[in-house]
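Naming: A, B, ... by sequence-line order, numbering from 1 per chain.
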Protein chains: 2
Amino acid sequence: MSAERPRSPSINDVAELANVSYQTVSRVLNNHPNVKASTRAKVQAAIDQLGYSPNSAARTLVTGRSRILGVITLDVDNVDGLPPMYGIERRARDHGYFVSTATLDRVTRASMRAAVDQLAEQRVAGMVVIVPTEAASDAMASLPPGLPLVLIEGEPGRGIATAAVDQQAGARRATEHLLELGHETVFHVRGLSDWMQTQDRISGWRGALAAAGREAPMPLAGDWTARSGYEAGLMLARIPELTAVFAGNDDMALGILLALSERGLRVPEDVSVVGFDDGTAPGYYNPPLTTVRQDFTTVGRRAIEMLLEQIAHGTRYEERFVSEPELIVRKSTAPVRAQRR
Amino acid sequence: MSAERPRSPSINDVAELANVSYQTVSRVLNNHPNVKASTRAKVQAAIDQLGYSPNSAARTLVTGRSRILGVITLDVDNVDGLPPMYGIERRARDHGYFVSTATLDRVTRASMRAAVDQLAEQRVAGMVVIVPTEAASDAMASLPPGLPLVLIEGEPGRGIATAAVDQQAGARRATEHLLELGHETVFHVRGLSDWMQTQDRISGWRGALAAAGREAPMPLAGDWTARSGYEAGLMLARIPELTAVFAGNDDMALGILLALSERGLRVPEDVSVVGFDDGTAPGYYNPPLTTVRQDFTTVGRRAIEMLLEQIAHGTRYEERFVSEPELIVRKSTAPVRAQRR
DNA sequence: AGAAGAGTTGTGAACGACCACAATGCTGTT
DNA sequence: AACAGCATTGTGGTCGTTCACAACTCTTCT
């Protein structure tokens, strides 16, 4: 029953049909200049007729370079797919590269190692790592040292190139915005504690409060989900002096919005809420959410550019791209009003 | 400046170090039974010492099989990354396969063709296509005919295996739910018109209305985004007899919720709203959204299983997996009340 | 006309692994 | 002691492509 699918046509089949040597076909394939136009046409015709497509494995084998970009990323329930957000595949393809993905369900040294091995086996030309936890940056140490590498949203330093949004600046702007509206202090619901973004947003928020001479209350612990935001929101609703919340991301802000509403607190009249991320939805929360917009597109583009430069250069090197996030003011924030209860 | 990164160690380097032939190393690599335990250990030690990792390109070349699964999917702004949702990479890896992705920014015959060529070049062992538009199913015709293939959320038939959620059943349940609550009729905001889901959800909704002897109003046109839902919501709010809406997805439902609220209509007291998809957020909309939950996990698992069966079998064949969605009743739906205005 | 030189095409080797088969070592039986 | 038979290891060929170099074919100039 198991039919042998015939191997696809090779460069030799094309050569035979076109009555030239395999090398000439190879030259046509690689756009070498010194091929007579008529020969080129003849070969092209044979290629089309056979439906020939070059075998990238053979090519990789002989050249030692693979035109595959490896992507290591998370595959966890709480979080959306990261690589599509950054448009990684599209950009790679524009430069003639394939993308092979390795995902992590947990971020441990062992799982990082497994992902790296998986990509190493494919002799990828370079790697993009989108694993925004501190553990990931450590694990980078185990990588083949010369291999081109860019970390998206990872810790800068250690000779590794990074492309990231300035999380601290974003969190600072969000907090300042609330302070400018006259809020005495700003409460914070943080994301998963081992994420880079969580730490950076906390310090941006702390920094803004400190600069205004306010004390930072203890952040509430969330896990990026709306559910955790909801629970934090129920907690916050018990605090009489609550007037402003900075949520670690928009999903949690959504949960907070619901919890406050259930507890009879109006946003923004009683409490102002700011989120972080901004996709297509937050502008249509009820009320539309003031949030910090991250420019994933630019980060993705620069990351790929940096990686390709390293590949062209034949070596890894440190470089740092930082994108400035933008505060998007919508209806979930307003000046404090005198008294709340 | 351009340092030549040395090639990684090959099977020969390992053989030399371990004082055996390369074939013995190969046997160790592939777990052949007839290798003396002491030899195996010696080889393994050499492998570890050199940090050797097999070259998948060489392996592919000689065996003719590639252990790469190709994924063709969309890369458009309105839509989240699809493959992570289905857990494609994780499952593939569990079975020893790599995943290479090709994305489409527009679904045209040409772009499909380009994606297919890209994967063909890598001699993928099989393909998963997650492009839920009708055009995609057509374009499948251009694929190498024997190549194992599974369509996720694609049109069944034509000898192609498919794994999908029963969209019609989901839409029917959603609509029946509203009718059971006493609503006279149910308005619908559809998604992008060329998507399979859009058509199926429309016919499920129509079917339920017809079965109840109601006439289906004309669906409003959305594009899956909250923004388009918001605009449709503003339109719906002008209709005096509006009491129930079935939104094509949750994002649009979010926009509808906001629009209705801005127009002074309460959900669910004045209008009931049902969505479709169910991720982590809709349970925390205000009010929490009644919606239809799709089991992406099972669909993804079955899709990969089907694909691997085809690969083992050495041929493509038709098979059909349908997952039954589940209505999740939350607070956005309630029985009609006598009079609205 | 002949030679230099550019343009064009062909040949042999190599990349790293697996497969089929051959060769060797070891065990046990008669 | 010799041989069958199994376990273990080694050898040559191959996959499809590129690279380095050799060889051939035209021009063009002297």
Any side-chain donor-acceptor pair under 3.5 Å between A/Gln197 and A/Gln294? no
Surrounding CD of A/Glu16 (heavy atoms of other residues, nucleotides or ligands, distance under 6.0 Å), is the total greater than 12? no
What's the shortest heavy-atom distance between B/Leu307 and B/Met127, and which atoms? CD1-O, 3.7 Å
Might you point out which heavy atoms bring B/Glu318 and B/Ile160 nearest each other, and give the distance in Å? CG-O, 3.6 Å
Under a 3.5 Å cutoff, is there a donor and acceptor pairing between the side chains of A/Glu89 and B/Thr103? yes
State, yes or no, whether a side-chain contact exists between A/Leu147 and A/Leu149 at a heavy-atom distance under 4.5 Å. no
If we only count heavy atoms from C-beta on, is the A/Leu104 to A/Met112 side-chain gap below 4.5 Å? yes
Shoot me the first and last contacting nucleotide of DNA chain C against chain A, ordered 5' to 3', at under 4.0 angstrom to non-hydrogen atoms. C/dT8 to C/dG16
What parts of residues 34-51 of chain B reach DNA chain D, counting only heavy atoms under 4.0 Å away? B/Asn34, B/Val35, B/Lys36, B/Thr39
Using heavy atoms and a sub-4.0 Å distance, could you list which residues of residues 11-20 of chain B are near DNA chain C? By number, please. B/Ile11
Does a side-chain N or O from A/Arg65 land closer than 4.0 Å to OP1 or OP2 of D/dT17, or not? no
So which heavy atom on B/Leu151 is nearest to which on B/Gly154, and how close? CD2-CA, 3.8 Å
NZ/NE/NH1/NH2 to OD/OE distance under 4.0 Å, B/Arg302 and B/Glu319: yes
Presence of salt bridge, A/Arg113 and A/Asp117, under 4.0 angstrom: yes
Per-helix bend value, the helix from C/dA1-D/dT30 to C/dT30-D/dA1, C1' rotation axes over five pairs per end, 10° rounding, shows 60°
Residues in side chain to side chain contact (heavy atoms under 4.5 Å, CB included) contact with B/Gln44, at least two apart in sequence or another chain: B/Val28, B/Ile47, B/Asp48
Would you list the protein and nucleotides 11-15 of chain D atom pairs, both N or O, that sit under 3.5 Å from each other?
unit_1, atom_1, unit_2, atom_2, d
D/dT11, O4, B/Gln23, NE2, 3.2
D/dG12, N7, B/Tyr22, OH, 3.1
D/dG12, O6, B/Tyr22, OH, 3.3
D/dC15, O3', A/Arg7, NH1, 3.0

On a heavy-atom basis, which atom in A/Ser66 and which in A/Arg123 lie closest, and how many Å separate them? OG-O, 2.7 Å
Can any side-chain N or O of A/Asn30 pair as donor or acceptor with the backbone N or O of A/His32 at less than 3.5 Å? no
Report yes or no: do B/Gln122 and B/Ser100 form a side-chain donor-acceptor pair below 3.5 Å? yes
Check each of A/Ile88, A/Ile152, A/Leu119 against A/Val71 using the side-chain contact (heavy atoms from CB on, under 4.5 Å) test, and report the only one that passes. A/Ile88
